[in-house]
Amino acid sequence: MDASVPYAEVRARLAARDRGLRDKVTTLEDAIGLVRDGDHVGLSGSTLSRTPIALVWALIRARRKDLVVSRGITSNVGEWLYASGVSSHVITSWFCQGIIYGVSRVVRDFTESGRARFEEWSHMSIGLGYRAAAMGLPFLPTRSMLGSDVARQVEGRFRTMTCPYTGETLGLVPALRPDVALIHVQRADRYGNGVIDGLPFMDVDLALAADRVILSCERIVSNDQIRRAPDRTKIPFFCVEAVVEVPFGASPHECYGEYEMLFRHLDRYAKAMRDGGVEACRRWLDEMVYGPTSHTEFLERLGMAELLEAQQSGRRMIWND
Amino acid sequence: MDASVPYAEVRARLAARDRGLRDKVTTLEDAIGLVRDGDHVGLSGSTLSRTPIALVWALIRARRKDLVVSRGITSNVGEWLYASGVSSHVITSWFCQGIIYGVSRVVRDFTESGRARFEEWSHMSIGLGYRAAAMGLPFLPTRSMLGSDVARQVEGRFRTMTCPYTGETLGLVPALRPDVALIHVQRADRYGNGVIDGLPFMDVDLALAADRVILSCERIVSNDQIRRAPDRTKIPFFCVEAVVEVPFGASPHECYGEYEMLFRHLDRYAKAMRDGGVEACRRWLDEMVYGPTSHTEFLERLGMAELLEAQQSGRRMIWND
Amino acid sequence: MTDRGRGGYTAAEILTVHAARALSDGQVVFAGIGIPLLAATLAQQTHAPTLTILFEGGIIGPMIEPGRLPPSTNEARTARKANMLLPITDVMLLLQRGYVDYGFMGGAQIDQYGNLNSSFIGDPASPSVRLPGTGGGNDIASLAKMLVAMRHEKRRFVERVDFVTSPGFLRGGTSRSASGLLAGGMHRVITDLGLLGFDPETKRMRLEALHPGVTVEQVQAETGFPLLVAPTLEETRPPTPAEMAALRRLDPERMLTK
Amino acid sequence: MTDRGRGGYTAAEILTVHAARALSDGQVVFAGIGIPLLAATLAQQTHAPTLTILFEGGIIGPMIEPGRLPPSTNEARTARKANMLLPITDVMLLLQRGYVDYGFMGGAQIDQYGNLNSSFIGDPASPSVRLPGTGGGNDIASLAKMLVAMRHEKRRFVERVDFVTSPGFLRGGTSRSASGLLAGGMHRVITDLGLLGFDPETKRMRLEALHPGVTVEQVQAETGFPLLVAPTLEETRPPTPAEMAALRRLDPERMLTK
């Protein structure tokens, strides 16, 4: 959380970006070329929902390293980042495979041994950090996190002030400014106007906070479709650097209104991690990330039957029932 | 802008409110009974759009007095509040009849003579004031309004601080906390879940900032309709105290997707004000506000032909073309 | 949860019924998944039909269907047919604004001042277990009055938590408000042995009521610090047939109440 | 606007064409209604097809149809078929975040340091005219580099504005940044007589270019303070036939360019 960056530098970075209404559609591989070693990368969604799995998949294959990764709540995708060596520093409020899978053996192994860092902030503080950055502010005040050991662990970055109006103590959450945000949405146009159905999580703030945004989407729609309902656009095109169309781009996680998570795959994965820990995670990466020659092949390995079933139930519960 | 209210009092006021999922549908007159003399009242919409005209109409008829009124941008509705004696203190960023009608003779008359006050803040500052209140904060930092005479006029309330992270000077906008918000939306259910099509203006923050919310809507829909698309709900029911169904509830102003403004009426009104000033405004109030026996009669006096035409063109441009 | 129930009820059933009774009609509760959600839903089905549930994922007033309790706070199954979906930061800010009557969570480890730990077991600098962390727990406990439902075991009720993830009364007395936490605080801890509150002055945990058949000594034996006892110690009413019937409808497969 | 044009063009046409030229392709401009919007749209139609317009009402990338320029920044006619609609506070915050290349407004009264007044004529404590006020003007001028398009008249170009509604360089020199305004500032004032900038050190207004046929003396005569003149004073290129044709398509009834 780099709140000490002078405003002039924040502005200069943004001024250098191309914000024109231009076609940004590209491939997964080219899009991930925008991520540099050492970058701070923010991820869309929460836990097992609307995670930018395809983008993270490409990121791991590209063997980026020394990334700092932030997200409101981090699930098994964080295990892959640790185990692949892409990141050894995750900023988040909660980190394990998913609520029903209990404590993560992979996270424990990396963090308890000191090989990786899990920097813990409260959930709202992660959100306020993105929001401060999105607002062009160095911090936002808060009445949370005060007095706790969570605050003590990040002392100096989490600060307090005396409110000049009330005399009360307020906490200050510093701006959380990813170099790159990886965001998966249901629909986007070629310019990067993004539409999110269902839960928006922290993604609108994340998009505006980051210096670059890579947007993957289930499908690319025409700009005319976007303009038909401009009050549905959640991410403005001018903050987006690249647009990639990736059907099932969040599988094996879920995408609201499109497909449910792949419960059987996740259950098998969870059992493998419980039994085999970090080594099992590396085997999963070999099989699912490094092994396939394309994202389509990754989906094939997830399994056509389960994908179709997830799509059927995921659509039905939102649009049909 | 009462940022010095202790947090304990802010919390106590909210804790005393009934936030249950209950039927809140009532009449214009009963709803306006929730406004007390001396209250600070925030108004929805902007300029000539989605103004809670029917609620203001009922408010003037109820002869409330000493109200402080706030809004991002204030148009002819503010003239009515001055001329009726309902308010002699408007907090806003811009105040005349509407952009094409030039400087307001009524506003000039009241403010230049010192009979009423137009407390000027920048547009974003009004919005940040509502947002601070909506967030449960005493203020929000800003990089705007610094150095200007707009800030100087409200010194002591607009403050500055040195950012502990960057050493930079930041402005502080105090929370703007209406006692009551009057908000007009396209659709709401009986519990007060409100849906806004098109431009949301500052209304979501306003609803959460206020101590009481009176919601008028073009039509009441079932809770089932709301639950069909919960990502469209913009105002949560638990901040709403009363719901009133008022077709054409923003006429002669516009309501996105429902009807345009009544251009001919507004032109006639503007000419009358230019020619007759405050006296003409009082005559308009006699004819249009005090005279009718019901809001339906108010609409009749606006004129069926112009209302139908405004509805036809207002719907057509959003939904048909 | 292995059974340690009484009077024919499982421990989880006792926990859930008493947790539900702590909620009143018209209130807004920010609920965690599991027993808190089950209890809030039970309250809706029995005595609190206009109770509203909020979830951390950004959900207001979800559509909870008996037999289909959602498994997490932020997935489509939980979000569908809610009254409103909104960003995570904004649903958390409703706590700060004051819209929420109670935060309602389970707990892994609690201390005599009601502080909760879900971050580290052992020394945080070199932990024996790195737990999943706060999630929204810290925010909820910082900003709302708290109900905690948990199994009453000595290893969970400790004198001092290894790490204050979610603040209770910190070091007791006025230390919570002195830190800037001006609202909320631990209200009640509901366990399978009884109900606990906090001494108004010292803010130390205090036994307020026992479930039928439980003794003070039993509770003390399962508590890792000397327990205060309220001047008038109540006995709780056992679950009623109506409550149990509603509970069975909500959790017919007894996923949560076995 | 009464005509004071040259070479067969009206003053408003000259203003609009030169204002359009100040914008480049790919930029984001936060535009006011009237000449600024017309100029931004003209730029889109000529040399800057991917220029994006923002409106204060909460509108990103509106659908501007030739002959149907919207009359205000926040009504349905302006919002329809935009790329995105968002709350007012959030569209203003895009300025603070830095997404906007230029704020672009008209001006009623400007002073030698580029400060704009739209609040009071006369003493603010007892004004001769209470004007409509800042709207978003203060925010735009505080947070973005500014283009101002206005009629060049002595009563509008004053030594010191009665009230600083929208900050330029305040009292010149480093006074703007010293007040905490660390970005933006007056970039260019475009008038029917020429183009004006600001001295890099003193921040006093400086004549940078003259429209064909205009002299320095004429400009000084219409300016209420001593005008600096750039070392190399340019002459602007007159409107081209292509620019004029595009302008006529945009404003066929000459509502804005008469």
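What you see is a predicted model, and the numbers here were worked out from it, not measured in a lab. Keep in mind that the numbers below use all heavy atoms, side chains included, and drop hydrogens, waters and symmetry copies. A, B, ... follow the sequence lines: proteins, then strands. Residue 1 opens every chain.
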Handout entry: B:Asp109/D:Arg130 under salt bridge (Lys or Arg N to Asp or Glu O under 4.0 Å): CA gap, chis, key distance, verdict
Key = CA-CA 9 Å; B:Asp109 191 310; D:Arg130 185 33 160 137; over 6 Å; no

Handout entry: Close side-chain approach of D:Val129 and B:Arg108, heavy atoms under 4.5 Å
Key = yes

Problem - Per-residue contacts, residues 78-86 of chain D versus chain B, heavy atoms under 4.5 Å - result: D:Ala79, D:Arg80, D:Lys81, D:Leu85, D:Leu86

Exercise for the section: Would you please say whether a donor-acceptor pair under 3.5 Å links the side chains of D:Ser119 and B:Glu120? Expected result: yes

Practice task
Would you mind telling me which of B:Leu170, B:Asp321, B:Ile196, B:Asp203 has the largest number of heavy-atom pairs within less than 4.5 Å of chain D?
Solution key: B:Asp321

Practice task
Could you check if a side-chain atom of B:Trp121 sits within less than 4.5 angstrom of a side-chain atom of D:Asn138, using non-hydrogen atoms only?
Solution key: no

Problem - Heavy-atom side-chain contact between D:Glu56 and B:Trp94 under 4.5 Å - result: no

Problem - Greatest number of heavy atom pairs closer than 4.5 Å to chain D - which of B:Glu254, B:Met202, B:Arg50 - result: B:Glu254

Practice task
Run the salt-bridge test on D:Asp139 and B:Arg143 with the 4.0 Å N-O cut-off and return the result as yes or no.
Solution key: no

Handout entry: Under-4.0 Å salt bridge between D:Arg77 and B:Glu260
Key = yes

Exercise for the section: With a 4.5 Å heavy-atom cut-off (strictly below), which parts of residues 91-102 of chain D touch chain B? List them by number. Expected result: D:Met92, D:Leu93, D:Gln96

Exercise for the section: Inspect the surroundings of CZ in D:Arg160 and state if more than 12 heavy atoms from other residues, nucleotides or ligands are less than 6.0 Å away. Expected result: no

Problem - Close side-chain approach of B:Val103 to D:Leu131, heavy-atom, < 4.5 Å - result: yes

Problem - Top contributor to chain D interface from B:Ser122, B:Ser49, B:Gly127, B:Gly147 [non-hydrogen pairs under 4.5 Å] - result: B:Ser122

Exercise for the section: Indicate yes or no for a side-chain donor-acceptor contact from B:Glu168 to the backbone of D:Gly180 under 3.5 Å, with no hydrogens or angles considered. Expected result: no

Completion exercise
Cut-off 4.5 Å, heavy atoms of chain D, and the answer for B:Ile100 is side chain

Practice task
Measure distances from B:Tyr130 to the heavy atoms of chain D and classify the residue's part below 4.5 Å as side chain, backbone, both or neither.
Solution key: neither

Exercise for the section: Tell me, yes or no, whether the heavy-atom count around D:Arg68 atom CZ, taken from other residues, nucleotides or ligands under 6.0 Å, exceeds 12. Expected result: no

Handout entry: Minimum side-chain heavy-atom gap B:Gln153-D:Phe163 below 4.5 Å
Key = yes

Handout entry: Among B:Cys96, B:Ser46, B:Gly171, B:Gly45, residue most engaged with chain D (heavy-atom pairs, under 4.5 Å)
Key = B:Ser46

